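I have placed the structure first, in the form of structure tokens, so that the comments after it can refer back to it.
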Amino acid sequence: MDVQLIFSPTGGTRAVAEALAPADKVVDLCDRNMDFSSVTLTVADTALIAVPSYGGRVPRTAAERLARVRGNGARAVLVCVYGNRAYEDTLAELADLAEAAGFRMVAAVAALAEHSIARTCAAGRPDEADRAELAVFGQRIQEKLAAGNCAAPALPGHRPYKPLGVRSMVPQTSKRCVDCGACAAACPVGAIDAADPRRTDAESCIGCMRCVSLCPAEARTIDPAALAALSQKLAPLCAGRKKNELFL
């Protein structure tokens, strides 16, 4: 793989991408300071484009940034990562976004990673078995490319896509906050006040949980009652071990 374009706030999507097809160059779609219109590929390139599924859709921030990239006919392997509930229209939407950005989709993968909010869903995934299976997927994709086969596979999903849900899980800041500013610097959308990291703009926050995952003082948390309600709602939907899927 020549390049990875990845939106991975908490690391699960990146872990899947690395197991599937490592690349020397990585474009971080979480980097709010990057000029994505400067990312230009060629028809000879192959890109892996990986995003998490947010309520069965591509995260709007990832969609907006991918739209600025210039694919110029590069081949694309699309990856959506979800937390054991469902990915619904994510791959279909990602395929449309990639095509609009000038990419040619040649393969796609739906894979599992630990849910970024309800951590008991797909806990520990991708695990050793997942990584081994994803490596096999990567080899099969390489074999298809080596054979010169650039046909686009059929993908699950609906058009029009399902309506975007309202992500109301805005992390709170506890008294443990030490004002290090790590959360504000890393927030993909700049929703955290750099001058006062205890303040979060709820309208801008996309609920990605990056601040929660990287806070060294564990001062960023989700309201316990809201988290308990979400976990209870997801429990029957996330029961069992769902399988990674390859679309060739």
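All values reported here derive from a predicted model rather than from experimental measurement.
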Check: Under the salt bridge (charged side-chain N to carboxylate O under 4.0 Å, His left out) criterion, do Arg198 and Asp179 qualify, and how do the steps go?
Finding: CA-CA 8 Å; Arg198 291 174 175 80; Asp179 292 317; 2.5 Å; yes

Where is the tightest heavy-atom contact between [X] and [Y], given as atom of each residue plus distance?
X: Leu94; Y: Leu66; answer: CD1-CD2, 3.9 Å
X: Ala98; Y: Leu78; answer: CB-CD2, 3.9 Å
X: Cys150; Y: Arg75; answer: SG-CD, 3.6 Å
X: Ile192; Y: Cys211; answer: CD1-CB, 3.8 Å
X: Gln172; Y: Asp223; answer: NE2-CB, 3.8 Å
X: Leu155; Y: Ala108; answer: CD2-CB, 3.6 Å

Linked, directly or transitively: [X] and [Y] (ILVMFWY side chains, under 4.5 Å):
X: Val43; Y: Phe103; value: no
X: Val26; Y: Val69; value: no
X: Leu5; Y: Met1; value: no
X: Val189; Y: Val58; value: yes
X: Ile206; Y: Phe36; value: yes

Side-chain donor or acceptor of [X] paired with backbone N/O of [Y] under 3.5 Å:
X: Asp24; Y: Val3; value: no
X: Thr90; Y: Gly56; value: yes
X: Asp45; Y: Thr42; value: yes
X: Asn244; Y: Leu112; value: yes
X: Lys162; Y: Gly55; value: yes
X: Asp127; Y: Gly124; value: no
X: Asp89; Y: His158; value: yes
X: Asn84; Y: Cys121; value: no
X: Arg85; Y: Cys238; value: no
X: Glu114; Y: Arg125; value: no

If you count the non-hydrogen atoms of other residues, nucleotides and ligands that lie under 6.0 Å from [atom1] in [X], is the total more than 12?
X: Lys25; atom1: NZ; result: no
X: Arg199; atom1: CZ; result: no
X: Glu99; atom1: CD; result: no
X: Arg70; atom1: CZ; result: no

Residues forming a ring-ring contact (aromatic ring centres under 6.0 Å, His included) with Phe7, sequence neighbours excluded: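 Partners of Phe7 by the ring-ring contact (aromatic ring centres under 6.0 Å, His included) criterion come out as none, since no residue qualifies.
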
Practice problem: List for me each residue that meets ring-ring contact (aromatic ring centres under 6.0 Å, His included) alongside Tyr82, sequence neighbours excluded, and say none if there are none. | Solution: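 ring-ring contact (aromatic ring centres under 6.0 Å, His included) check on Tyr82 returns Tyr87.
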
Rounded to the nearest 0.5 Å, what's the gap from [atom1] on [X] to [atom2] on [Y]? Could you check?
X: Leu48; Y: Ile6; atom1: CG; atom2: CD1; answer: 6.5 Å
X: Arg65; Y: Leu97; atom1: CZ; atom2: CG; answer: 14.0 Å
X: Leu248; Y: Lys144; atom1: CG; atom2: NZ; answer: 5.5 Å
X: Leu20; Y: Asp130; atom1: CG; atom2: CG; answer: 12.0 Å
X: Met209; Y: His115; atom1: CE; atom2: NE2; answer: 9.5 Å
X: Phe137; Y: Arg140; atom1: CZ; atom2: CZ; answer: 7.5 Å

*Taking the side chain as every heavy atom from C-beta outward, state whether Leu230 and Ile117 have any atom pair closer than 4.5 Å.*
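A side-chain contact under 4.5 Å exists here.
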
- Is the shortest heavy-atom distance from the side chain of Pro52 to the side chain of Ser116 under 4.5 Å?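 Of all side-chain heavy-atom pairs linking Ser116 with Pro52, none is under 4.5 Å.
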
Step-by-step side-chain contact (heavy atoms from CB on, under 4.5 Å) determination, Val51 to Thr13 | CA-CA 6 Å; Val51 302; Thr13 299; 5.6 Å; no

(request) Determine, stepwise, if the pair Arg68 / Asp35 fulfils salt bridge (charged side-chain N to carboxylate O under 4.0 Å, His left out). (result) CA-CA 9 Å; Arg68 301 177 204 160; Asp35 176 12; over 6 Å; no

Inset, instruction - Decide side-chain contact (heavy atoms from CB on, under 4.5 Å) for Leu134 and Val109; before the verdict, give the C-alpha distance in whole Å, the side-chain angles of both, and the deciding distance to 0.1 Å. - result: CA-CA 9 Å; Leu134 291 168; Val109 170; 4.2 Å; yes

- [ ] Assess whether side-chain contact (heavy atoms from CB on, under 4.5 Å) is satisfied between Met34 and Val39, documenting all intermediate values.
- [x] CA-CA 9 Å; Met34 185 170 185; Val39 179; 3.6 Å; yes

Next on the checklist: Checking Lys242 against Glu245 for the salt bridge (charged side-chain N to carboxylate O under 4.0 Å, His left out) test, could you report, in this order, the C-alpha distance in whole Å, the side-chain angles of both residues, the deciding distance, and whether it holds?
Outcome noted: CA-CA 9 Å; Lys242 291 187 172 66; Glu245 298 172 79; over 6 Å; no

ask   = Are Gln4 and Val27 close enough, and set up right, to give a side-chain contact (heavy atoms from CB on, under 4.5 Å), and what steps lead you there?
value = CA-CA 6 Å; Gln4 294 177 344; Val27 175; over 6 Å; no

TODO: Answer yes if the side chains of Arg14 and Ser8 hold a donor-acceptor pair under 3.5 Å, and no otherwise.
DONE: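 Arg14 vs Ser8: no donor-acceptor pair found between side chains.
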
Quick one: side chains of residues 212-222, donor-acceptor pairs under 3.5 Å with protein atoms, not counting sequence neighbours, listed by atom name and distance.
{"unit_1": "Ser213", "atom_1": "OG", "unit_2": "Arg210", "atom_2": "O", "d": "2.8"}
{"unit_1": "Arg220", "atom_1": "NH1", "unit_2": "Thr173", "atom_2": "OG1", "d": "2.7"}
{"unit_1": "Arg220", "atom_1": "NH1", "unit_2": "Pro197", "atom_2": "O", "d": "3.3"}
{"unit_1": "Arg220", "atom_1": "NH1", "unit_2": "Thr200", "atom_2": "OG1", "d": "3.2"}
{"unit_1": "Arg220", "atom_1": "NH2", "unit_2": "Thr200", "atom_2": "OG1", "d": "3.0"}

